[in-house]
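First the structure, in the form of structure tokens, and then the observations on it.
Values reported hereafter were calculated over all heavy atoms of this structure, with side chains retained and with hydrogens, waters and symmetry mates removed. Sequential numbering from 1 along the given sequence is applied to the chain's residues.
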Amino acid sequence: METSFIVQNFVPLMFAGLFVFLLSGIPVAFGLAATGLLFGFIGMEAGLFGGNLFQALPLRVFGIMQNDTLLAIPFFTFMGIILERSGMAEDLLETVGQVFGPVRGGLAIAVILVGALLAATTGVVAAAVISMGLISLPIMLRYGYNRTIATGTITASGTLAQAIPPSLVLIVLADQLGRSVGDMYAGALIPGLMLVGLYLSFVVMVAIFKPSWVPALPPEARIYREANGSSGHKSLLALFAICGAAGYAWSKVHQSVINPMIGRELPAPGDEIVILSMTVASLLALGLALLNKALKIGLLSRLTEQVTFVLIPPLVLIFLVLGTIFLGIATPTEGGAMGALGALIMAVGRGRLQLKLLVQALDNTARLSCFVLFILIGSTVFSFTFNAADGHIWVEHLFDKMPGGALGFLIVVNVLVFILGCFIDFFEIAFIVIPILAPVADKMLGGLLPPGTPADMTLIWFGVIIAMNLQTSFLTPPFGFALFYLRSVAAKKDYKDRITGETIPAVQTSQIYKGSIAFIVLQLIMVSAVIAFPTLVTGGIEKGVTIDANKVLDQLQMQPREEANDPFAVPAAPGASGAAGASSAPAESGASDDPMKGLLESIKKEQGQK
């Protein structure tokens, strides 16, 4: 009786066991592995599995360690830590703050833009939030910013690291969904930039309707001025216009230049054109600034030179890394290695690369990489037993009767991820929940995409939706990590400002929590937009040529066989009439070893997986 109960309810019991392990407080990686091993042995004792269930497990673990895609995680992490520790965040916040400071909401706009730039370079939420909390928050409070707007802008801008390439979340999701990291990056680029635009629009609306909440910097706080007293913005706008025109001109000739170089016949994807055009514009700006400084021409203002020398190098690094990935010149792993080398060169160029900084960066990179790999190994052990028990079929039956069909499934999954994000880390969600839901999503969601969309795009779209949703996990109480990061550096007691001499009240935890609400709503709006308009994700991905296995089989079998033992004859398809039944035993034996038949079967198998 007990054995039959276990067999009939094995998958629900397995989830309950995992829940108990997680509540016990042991690390997630060991909880996942323990659940998989324990219920694997229970299933063997109950007769649900054979005694050889775990024989292939060591090969799966070695497969994880040999996965080249996961090497991108330490490379991009190292790149981000080197750039953050070498003072890039401080320079960017000071410079961009001076550019937008004279307008209402300028400091908030600067924080959002720097947050997006830090997201694309460091990819680390903690580094972005802490840096902006230490540098920007005191300035915003000094000049009378509304506290909920100030704290919300900083925490939300820090979470952009989850959605803007090269994001660690996108690498992990691509690995778990079995899709290309490059495609995941290309799919997430436009939604990520649109989210930045949504944040900026919100700040502009606040500046229009509540100008007292986001005041401009007073004249005495603007440190970059020309000899005649002007701010230098005209020179900056002129350089921006010249470089923008150069980037636009490149976008018109990009395809005719790049396609012959890489031997491509298909049209260039839109995201590739955007990235390469911005690369050309950035390099031109840097070249003009260097020429102006070397020849002492004096055409550029102090503000323009500062913006160019601080902002352009990290932009060029980002565009080169993403550009080589989108062009197919480098894999994400190779792009990450190039980014890490570029970060070291930038740190040396700034004179800030010290042995202590290098040791800290290597130590933190090793810690995060081991953390990710241990969770991945634990989730592999869990999924080993889960799939052996046909858990994916149980999950599919759980959703197939749901009202709303595929759209209802997608809404429920996003609600589930949103709720889980309030309590557990995004890595745990990616390694526990996504492998369980991916097979169901692949079967159910294809009908929601526009007609003619390749089947491979289904899980790319699903992965980008989940990545956008996972951003909210950093802002949702009670365990929103971005809220805690800001709380750790925000003033806990009243203090006297060193510039104005006025007493600034302490930042309350409730103000930090309230500040996140508006940006959580904006993030959910963006998730809804990606669900409603899948082409935001799929439109920028290069479409490959689809091979129809049946047509290939027909073409290869068009010429009839003259003799059953003809060594060059293509064996008949299984179930074919006539010659197949008359074949002799030796001929059948030869057909089973025919390499062409193996090729056809592999094509059919691959076609069935797409």
Can you check ring-ring contact (aromatic ring centres under 6.0 Å, His included) on Y485 and F474, steps first, answer last?
CA-CA 10 Å; Y485 297 147; F474 282 88; 7.1 Å; no

In T535, I466, V530, the residue satisfying side-chain contact (heavy atoms from CB on, under 4.5 Å) with W461 is V530

Between A72 and I171, the two heavy atoms sitting closest are CB-CD1, 3.7 Å

Are Q306 and S301 close enough that a side-chain donor and a side-chain acceptor fall under 3.5 Å?
no

Quiz prompt | 4.5 Å side-chain heavy-atom contact, L117 and L311 | solution = yes

Which of I154, I130, I135 passes side-chain contact (heavy atoms from CB on, under 4.5 Å) with V489? Answer is I130

For the CZ atom on R352, are there more than 12 heavy atoms of other groups (residues, nucleotides or ligands in this structure) within a distance under 6.0 Å?
yes

**Message:** Assess, by modelled atom type and distance only, whether the side chains of Q508 and Y513 contain a donor and an acceptor separated by less than 3.5 Å.
**Reply:** no

_Checking side-chain polar atoms at under 3.5 Å, does S235 have a donor or acceptor matched by the opposite partner on T304?_
yes

dist L137:CG -> R142:CZ (nearest 0.5 Å) comes out at 11.0 Å

OG (S473) and CD1 (I429) are apart, to the nearest 0.5 Å, by 5.5 Å

Rounded to the nearest 0.5 angstrom, the CZ-CD1 distance for F462 and I434 is 5.0 Å

The single option from T77, L83, I81 that satisfies side-chain contact (heavy atoms from CB on, under 4.5 Å) with M79 is L83

Taken to the nearest 0.5 Å, the spacing of Y143 OH from L107 CG works out to 9.0 Å

Of all heavy-atom pairs linking A482 and T159, the shortest is CB-CG2, 4.1 Å

Report task. Taking atom CZ of R104 as the centre, report whether more than 12 heavy atoms of other residues, nucleotides or ligands fall under 6.0 Å from it. Result -> no

Inspect the surroundings of CZ in F240 and state if more than 12 heavy atoms from other residues, nucleotides or ligands are less than 6.0 Å away. no

Contacts satisfying ring-ring contact (aromatic ring centres under 6.0 Å, His included) that involve residues 78-107 (not counting sequence neighbours) are none

Exercise for review: Without swapping roles, check the side chain of S369 against the backbone of A366 for a donor-acceptor pair under 3.5 Å.
Suggested key: no

CD (E305) and CG (L290) are apart, to the nearest 0.5 Å, by 9.5 Å

